[in-house]
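Here is the structure we will look at.
Sequence lines set the chain letters: A, B, ... in the order given, protein chains first and strands last, and positions in each chain run from 1.
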Amino acid sequence: MLRTHTCGELRMKNVTETVTISGWVQGVRDKGSLLWIDLRDRYGITQITIETENAAKEIIEAARTLGREYVISVTGKVAERYSKSDKIATGDIEIYPDNITILNAALTPPFTIEDETDGGDDIRMKYRYLDLRRNPVRKNLELRHRMAIETRNYLDSLNFLEVETPVLIKSTPEGARDFVVPSRMNQGEFYALPQSPQTFKQLLMIGGFDRYYQIVKCFRDEDLRADRQPEFTQIDCEMAFVEQEDILQTFEGLVCHLFKTVKGIDIPALTRMTYADAMKFYGNDKPDIRFEMKFVELNSVVKGKDFKVFNDAQLVVGICAKGAAEYSRKQLDELTEYVKRPQIGATGLVYARYNADGTIKSSVDKFYNEEDLKKWAQTFDAKPGDLMLILAGETNKTRKALSELRLEMGTRLGLRDKNTFACHWVIDFPLLEWSEETSRFHAMHHPFTSPKPEDIELIDSAPGEVRANAYDMVINGVEVGGGSIRIFNKQLQSRMFDLLGFTKEEAQAQFGFLMNAFEFGAPPHGGLAFGFDRLCSLFGGAEVIRDFIAFPKNNSGRDVMIDSPSPIAQAQLDELGIGVKKP
RNA sequence: GGAUCGGUAGUUCAGCUGGUUAGAAUGCUGCCCUGUCACGGCAGAGGUCGCGGGUUCGAGUCCCGUCCGGUCCGCCA
């Protein structure tokens, strides 16, 4: 070993010991006759002190050649400091070196290796190995490690087995685009990388592994976001002989365990909300319930006056922002601009201030008198000091826009503290979703999700109204996990593919292996998967998942450090039997 | 596929309505400094203003195109 101790562990009790520590030079402070080196590793920083009057020439010379991020090994005696520092854990001691060995010189790094670095995202990603030396990134990865360990502890204690599933699998047209891998031995044919191990975990259930989990990489070739990477990690789980309630209880338990062991927080039992209510009261299937500000529908209150916008609207709906009546004209204009941005897409915003003196002033006073506005306030349950914000239009669009406005107001009013955690389940998702683009139904969750038995009779008459045994876990407005009770019967699965527009032949070709397996004794089963990266970033108080992944990709799906993706040699292409079309 | 913000010293940024030699901080180099710990002081080096074209007497600044990066919409069973 090139060290006896780490840079973070020496204390007063080690004084007079001779030790060897190794690490990176954080900085050198040369005061002429006194010279200090801060030596850093994963565990902390230890100060090396050289008194040039007493120290050996070689040591002084070695110290004066050091630059930032040189890798060195120092042997010397631990001493109590003459002037101590309370800023670092080793601040009471320092080392007087008998020997300094330069293990490797270093170029000056392009950005500072400090908590508050001066490096932008771009340059940090290009030199990610330097970025990883910084405390915040290291702590994020330590958190991720702790989350994985505690996940395994919890699931292992409940008899879950971690089983690996293949990464080279088969492409299917449903869902996200697949990443695809050409097969050299089977020219013209391709593997796909899994979007999730869905069918394999179901086959494991049929194989008798009644409790499975896997912390597993999944791949989706879709456009990226701050919370979306092309390769990402799931905590993938499945259980046999269970009903929805069992799954909810088991995995609510996992999240409670993680909060308790990783963050030291006791969270209350998760509340549940139906998909229908989530849409009606929050305009969103993953509502942030750290704050109320529920939607209030106003159709019956506002219609019938001369205000055409409201009269023509399919839905008039608003929120009541507590204590925001003092908002200035400028702030209200900002909000109006906000909802009119193309990404939000509202055509305008109506507001009404319930002033502290009891009067109500609205942006549509031309059409509504004080008495009308009082009725609005009653419907909103607004109090003096509140601000009512109202949008109108086509139901789905209006809900979506108001949902954005609600989140914006929540942020502006400081109701979305990242250290407060509101966890809940959204349940009773629809089984199917109509796609205008393809003029057919798509599976809302995935094609293996079972309909609710009580809705099954609607499957022919009104497929869009069938509810599924599907559920999402939502924390602070982030969908951290989701799953369903699966179909385990060949006829029902076949009917499902039917509804999704598969021919019998297509269904058999793509999912025949699963439907055949259903005929050999498939137990009732269900499960869910958590987005591990998102869960980690949420625990770490961040919205961007990149810094919870050691080597992430950028917005364009590129790894700027290794510069991938990249072209491959013609010989490789030939071997694979692949020609590349020039754009 | 679309919207939007950005690209100026190694790095993070400023640079107004177009106008002399493009600035600051930090980092880097050299010298000085006996208790620093974001050490301090003095001096110095460091620029294809992303790239291409255009407007103009004159472009970092205005216009068009393009590349790169961020955020969002679409997309993500």
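For the pair A:Arg558 CZ and B:G70 C1', the interatomic distance rounds to 17 Å; values are reported in whole Å. Regarding A:Asp223, its CG atom lies at a distance of 13 Å from the P atom of B:G69, rounded to whole Å. The distance between atom CG of A:Leu130 and atom P of B:G10, rounded to the nearest whole Å, is 17 Å. Distance, A:Leu35 CG to B:C39 P: 13 Å, rounded to whole Å. Counting to the nearest Å, the C1' atom of B:G74 and the CD atom of A:Glu436 are 15 Å from each other. One interatomic measurement links the two molecules: CZ of A:Arg220 to P of B:C76, which rounds to 10 Å at whole-angstrom precision. Taking atom CG of residue A:Asp122 and atom C1' of nucleotide B:G50, one finds them 12 Å apart after rounding to whole Å. Going from atom CG of A:Leu34 over to atom P of B:C37 covers 13 Å, rounded to whole Å.
Under the 6.0 Å cut-off for aromatic ring centres, A:Phe429 and A:Tyr471 do not qualify, their centroids lying 6.0 Å or more apart. Ring pair A:Phe518/A:Phe488: centre-to-centre distance not below 6.0 Å. Taking the six-membered ring for Trp and the full ring otherwise, A:Phe511 and A:Phe448 have centroids separated by under 6.0 Å.
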Contacts under 3.5 Å, N or O only, protein and nucleotides 43-46 of chain B:
none

Interface polar pairs with nucleotides 3-7 of chain B, N/O, under 3.5 angstrom:
| unit_1 | atom_1 | unit_2 | atom_2 | d |
| --- | --- | --- | --- | --- |
| B:A3 | N3 | A:Gln343 | NE2 | 3.1 |

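Base contact: A:Glu53 has a heavy atom under 4.0 Å from a base atom. At a threshold of 4.0 angstrom between heavy atoms, the contacts of A:Glu543 with the nucleic acid are absent. Using a 4.0 Å heavy-atom criterion, one finds that A:Pro447 contacts the bases of the nucleic acid, with or without backbone contacts as well. Using a 4.0 Å heavy-atom distance criterion, A:Tyr96 is classed as a base contact.
To the nearest whole angstrom, the two C1' atoms, one in B:U66 and one in B:U56, are 23 Å apart. Comparing B:G27 with B:A38, their P atoms sit 12 Å apart, to the nearest whole Å. Using atom C1' as the reference point in both B:G50 and B:C68, the two lie 7 Å apart (nearest Å). The gap from the C1' atom of B:U17 to that of B:C73 amounts to 35 Å, rounded to the nearest Å. Spacing between B:U4 and B:U20 at atom P, rounded to whole Å, works out to 32 Å. Distance noted for atom C1' between B:C13 and B:C5: 16 Å (whole Å). Only the P atoms considered, B:G70 is 49 Å distant from B:U34, to the nearest whole Å. Distance noted for atom P between B:G69 and B:C64: 23 Å (whole Å).
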Side chain to side chain contact (heavy atoms under 4.5 Å, CB included) between A:Met515 and A:Ser494, intermediate numbers included: CA-CA 8 Å; A:Met515 289 193 288; A:Ser494 176; 4.2 Å; yes
Test log, rule side chain to side chain contact (heavy atoms under 4.5 Å, CB included), inputs A:Val466 and A:Ile456: CA-CA 7 Å; A:Val466 176; A:Ile456 216 152; over 6 Å; no
Stepwise side chain to side chain contact (heavy atoms under 4.5 Å, CB included) check, A:Leu35 with A:Glu51: CA-CA 7 Å; A:Leu35 185 154; A:Glu51 291 172 335; over 6 Å; no
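Taking the side chain as every heavy atom from C-beta outward, A:Arg399 and A:Leu315 approach each other to under 4.5 Å. Using a 4.5 Å heavy-atom threshold, the side chains of A:Phe551 and A:Met125 count as separate. Annotation: side chain of A:Cys237 is not in contact with side chain of A:Tyr212 (no heavy-atom distance under 4.5 Å).
With both pairing distances under 3.5 Å, B:G40 is matched to B:C32 as a Watson-Crick or G-U wobble pair. When Watson-Crick and G-U wobble pairs are counted only if both distances are under 3.5 Å, B:U21 pairs with no nucleotide at all. Using N1 to N3 plus N6-O4 or O6-N4 for Watson-Crick, or N1-O2 and O6-N3 for G-U wobble, each under 3.5 Å, B:A3 pairs with B:U71.
The base of B:G74 does not come close enough to the side chain of A:Glu222 for any donor and acceptor atom to sit less than 3.5 Å apart. At a cut-off of 3.5 angstrom, counting only N and O atoms as typed in the model, there is a donor on one side and an acceptor on the other between the side-chain of A:Arg81 and the base of B:U36. Judged by distance alone with a 3.5 Å cut-off, no donor-acceptor contact links the side chain of A:Tyr127 to the base of B:G10.
One finds no side-chain N or O of A:Asn555 lying less than 4.0 angstrom from the OP1 or OP2 phosphate oxygen of B:G69. A close approach under 4.0 Å does not occur between any side-chain nitrogen or oxygen of A:Lys126 and OP1 or OP2 of B:G69. Distances shown here put every side-chain N or O of A:Arg546 at or beyond 4.0 Å from the OP1 or OP2 atom of B:G69. At B:G69, one or more side-chain N or O atoms of A:Ser556 fall inside 4.0 Å of OP1 or OP2 (strictly under the cut-off). The side chain of A:Arg29 places an N or O atom within less than 4.0 Å of a non-bridging phosphate oxygen (OP1 or OP2) of B:C39. Between A:Lys400 and B:G74 there is a side-chain N or O to OP1 or OP2 distance below 4.0 Å.
For B:U36, the base is stacked against the aromatic ring of A:Trp36, per a cut-off of 5.5 Å between centres and 30° between planes.
For the 3.5 Å distance criterion, the side chains of A:Arg81 and A:Ser83 fail to qualify, holding no donor opposite an acceptor. A:Gln214 and A:Thr165 form a side-chain donor-acceptor contact under 3.5 Å, judged by distance and modelled atom types alone. Counted by atom type alone, A:Thr6 and A:Asp41 present zero donor-acceptor pairs between their side chains at under 3.5 Å. When only modelled atom types and interatomic distance are considered, A:Asn284 and A:Ser403 share a side-chain donor-acceptor pair under 3.5 Å. Checking A:Asn14 against A:Arg11 by side-chain atom types alone, no donor-acceptor pair falls below 3.5 Å.
The side chain of A:Ile123 approaches B:U11 more closely than any other nucleotide in the set B:C76, B:G35, B:U11. Looking at the side chain of A:Glu51, the nearest of the listed nucleotides B:G69, B:G35, B:C75 is B:G35. Side chain of A:Tyr82, nearest nucleotide from B:C76, B:C72, B:G35: B:G35.
Distance alone, capped at 3.5 Å, places no donor-acceptor pair between the A:Ser22 side chain and the A:Ser73 backbone.
Classified by interplanar angle (parallel below 30°, tilted 30° to 60°, perpendicular above 60°), the ring pair A:Phe251/A:Phe530 is tilted.
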Nucleotide-resolved protein contact map, nucleotides 24-33 of chain B, B/S/- at heavy-atom distance under 4.0 Å: ---SS----B
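The 5' end of RNA chain B is approached more closely, in terms of each residue's nearest nucleotide, by A:Arg341 than by the other of A:Arg341 and A:Arg534. Both A:Glu437 and A:Gly91 lie near RNA chain B, and the one whose nearest nucleotide falls closer to the 5' end is A:Gly91.
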